[in-house]
Amino acid sequence: MRRFLVAMAVFAPLGASALTTEQGNFAKNLAILLYAEKRCPELRMNMLVIVQAMREFGLPKDALEPGGEIAQTARAEMDRIDATFGSQDKATLCSWMEDGFGPRGSIASGFLKRR
């Protein structure tokens, strides 16, 4: 969990938003997880870990609901993520995502798991 919190701090802060920098960085990382789930059918987000992280960032449950601040920020990031990873072949991308966010992830362990 600590590695995840540190990883979030290195991402660029959001522009005008009611989210703190850390919350905005969490939303950006959540967008990466959503993208991984979309492109890698063998991976899925570990919602228990995500909800725990949300609590640590002081985010309400409804922040993930459509229209919630985290959901809006994550959705806005999807184009940037697709531009970055869209041309990557699936096997390589999924390996990167699992290496970074899987059970032994180097960025944030436990945020993705195998289906």
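Computed over heavy atoms, backbone and side chain alike; hydrogens, waters and symmetry mates excluded.
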Worksheet entry | Considering all heavy atoms, the nearest Met54-Ala63 contact | CE-CB, 4.1 Å

Fill in: Point-to-point distance, once rounded to the nearest 0.5 Å, from CG of Asp99 to SG of Cys94
11.0 Å

Under 3.5 Å donor-acceptor pairs involving side-chain atoms of residues 41-49, not counting sequence neighbours:
| residue | atom | partner | partner atom | Å |
| --- | --- | --- | --- | --- |
| Asn46 | OD1 | Leu48 | N | 3.3 |
| Asn46 | ND2 | Gly110 | O | 3.2 |

Worksheet item: Donor-acceptor pair, Asp62 side chain versus Glu65 backbone, under 3.5 Å?
Response: no

Worksheet item: Would a distance-only check, ignoring hydrogens and angles, find a side-chain to backbone donor-acceptor pair under 3.5 Å from Arg39 to Asp82?
Response: no

Worksheet item: Rounded to the nearest 0.5 Å, how far apart are OH of Tyr35 and CZ of Arg80?
Response: 11.5 Å

Response to the item:
Residue set satisfying salt bridge (charged side-chain N to carboxylate O under 4.0 Å, His left out) with Arg115, at least two apart, ordered chain then number -> none

Fill in: Given Asn29, Ile70, Leu33, the one that forms side chain to side chain contact (heavy atoms under 4.5 Å, CB included) with Ile50
Leu33

Discussion item. Checking the side chain of Thr92 only, and the main-chain atoms of Gln88 only, is there a donor and an acceptor separated by less than 3.5 Å?
Written reply: no

Discussion item. List the residues meeting side chain to side chain contact (heavy atoms under 4.5 Å, CB included) with Ala31, not counting sequence neighbours, and say none if there are none.
Written reply: Ala74, Glu77, Met78, Ile81

Worksheet item: Looking only at heavy atoms, what is the nearest atom pair of Pro103 and Ser109, with distance?
Response: O-CB, 3.5 Å

Item to complete: Give the C-alpha distance, both sets of side-chain angles, the deciding distance and a yes or no for side chain to side chain contact (heavy atoms under 4.5 Å, CB included) between Ile32 and Ile107.
Response: CA-CA 12 Å; Ile32 293 170; Ile107 297 170; over 6 Å; no

Fill in: Lys/Arg-Asp/Glu bridge criterion (N-O < 4.0 Å) met for Glu98, Arg104
no

Worksheet item: What pair of heavy atoms forms the shortest contact from Gln23 to Phe57, and how long is it?
Response: NE2-O, 2.8 Å

Discussion item. Do Thr73 and Leu30 make a side-chain contact, defined as non-hydrogen atoms from C-beta onward lying under 4.5 Å apart?
Written reply: no

